[in-house]
Amino acid sequence: METPQTKILIVDDEPSVRSAISDYLAREGFHVLEAGDGVAMRRVLDEHAVAIVLLDVMLPGEDGLSLAQSLADRQNVGVIMISALGSEADRIAGLEFGADDYLPKPVSPRELLARIRALQRRFKSAGVNPPGGLLFEFAGWQLDAVRRVLRDPGGVLTSLSDGEFGLLLAFVEHPQRALSRDELLHLARGSDSDAFDRAIDTQVSRLRQKLHGAAGEEVIRTLRGEGYMFLPPVTLAAAGDAPPPQALPGTNEIRIDPRACEASVGGRRLDLTFSEFALLAVLVEAKGNVVEKDALSREVLGRPWRSFDRSIDVHVSNLRNKLSPFPAISIETIRRVGYKLVNS
């Protein structure tokens, strides 16, 4: 019998944001539903067995924090908050109001997918099971988040207590980012935890001993007055995923994969947000011709361009930064007109 699709509800008042996320997740095999406010959200939840809600904070009418709190009673529904408010206080508030995770905008498609898959191991709504193992790889280590198995660089199993596993999972899901003790408590043990700061310190100490590399490299750094940071870069490998693309001849060749919302240069994947990916795809399709700002705004943001609107300029600036390792590729500004992609 065919496994039913996991239902995901996107709650955001921006149609272009809902559309971009919806298209991407639908291509990844999810059944995606949309709502523009709290009233529409509750109507969808009454009609569908939703597994995960992607919830914006700033909504018309009832705000996202209040909605997250109201969803706390639905034990089979996971909540990931996605918001332009990304400070530590905002993240902690979201977690305290019942969210299972919190992502600042602009969100990377691959990171969002990874967070959703991580939640799937915790929530099994409407008989839907998580699609295979999700593997986090760092510094030669490999953590299977579904089977709760940790292997060292030599492939040997390393035992973890429940507390150590939850803490390590929180770290690998948020690598190279400062995490306060409060955030770690919520991420590792849930909003109902009655643990205290020193418990986290003890777990971190034990985890450090188990992850200590042969060369003595630092894995978890203490940030005085802030918390901790997991230092190694983390890569993801989900069961059944295709192998990563191999380097292609021509180091400046840009490849666009619209199905996966991914782009690569010379076989190296670019870590792009939805908007940055859409922007690059439009510029590549123009084949060196100038694309006017109005056309870019309509394609990328789903709205006409206005002279006071700097959104496209900001996305272009961010995309330029991510293309900076490839000096032969540049985005030229055509004054008072738009932009064009140059690949020499």
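Numbering of residues begins at 1 and proceeds along the displayed sequence.
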| request: Please work out which of the three classes, parallel, tilted or perpendicular, describes the rings of His48 and His31, given edges at 30° and 60°. | output: perpendicular
| request: Kindly give the cluster partners of Ile334, where membership spreads through any ILVMFWY side chain lying under 4.5 Å from a current member. | output: Val290, Val337
Quick one, [X] and [Y] - any side-chain contact, counting heavy atoms below 4.5 Å?
{"X": "Val291", "Y": "Leu341", "value": "no"}
{"X": "Phe138", "Y": "Phe230", "value": "yes"}
{"X": "Asp12", "Y": "Ile21", "value": "no"}
{"X": "Arg269", "Y": "Arg110", "value": "yes"}
{"X": "Glu285", "Y": "Glu299", "value": "no"}
{"X": "Phe326", "Y": "Leu270", "value": "yes"}
{"X": "Asp56", "Y": "Ile82", "value": "no"}
{"X": "Leu54", "Y": "Leu25", "value": "yes"}

| said: Between Leu283 and Trp305, is there shared hydrophobic-cluster membership here, with clusters defined by ILVMFWY side-chain heavy atoms closer than 4.5 Å? | reply: no
Determine, for [X] against [Y], whether the closest basic-nitrogen to carboxylate-oxygen distance falls under 4.0 angstrom.
{"X": "Asp152", "Y": "Lys210", "result": "no"}
{"X": "Asp294", "Y": "Arg298", "result": "yes"}
{"X": "Arg181", "Y": "Asp201", "result": "yes"}
{"X": "Glu14", "Y": "Lys105", "result": "no"}

[X] side chain to [Y] main-chain N or O, any donor-acceptor pair under 3.5 Å?
{"X": "Glu253", "Y": "Gly266", "result": "no"}
{"X": "Arg221", "Y": "Leu231", "result": "no"}
{"X": "Arg255", "Y": "Ser264", "result": "no"}
{"X": "Ser19", "Y": "Ser16", "result": "no"}

| Glu62 atom CD, over 12 foreign heavy atoms within 6.0 Å | yes
| said: Other residues, nucleotides and ligands only: do more than 12 of their heavy atoms fall within 6.0 Å of CD on Gln176? | reply: yes
[X] side, atom [atom1]; [Y] side, atom [atom2] - distance, nearest 0.5 Å:
{"X": "Ile256", "Y": "Leu280", "atom1": "CD1", "atom2": "CG", "result": "4.0 Å"}
{"X": "Asp101", "Y": "Arg115", "atom1": "CG", "atom2": "CZ", "result": "4.5 Å"}
{"X": "Asp63", "Y": "Leu55", "atom1": "CG", "atom2": "CG", "result": "9.0 Å"}
{"X": "Ser275", "Y": "Ile312", "atom1": "OG", "atom2": "CD1", "result": "8.0 Å"}
{"X": "Phe171", "Y": "Leu184", "atom1": "CZ", "atom2": "CG", "result": "4.5 Å"}
{"X": "Ile331", "Y": "His315", "atom1": "CD1", "atom2": "NE2", "result": "12.5 Å"}

| message | Please give me the minimum heavy-atom distance between Leu223 and Ala178, naming the atom from each residue. | response | CD1-CB, 3.6 Å
| So which heavy atom on Asp13 is nearest to which on Pro15, and how close? | O-CD, 3.3 Å
| query | Is it the case that Arg320 and Thr333 place a side-chain donor and acceptor less than 3.5 Å from each other? | reply | yes
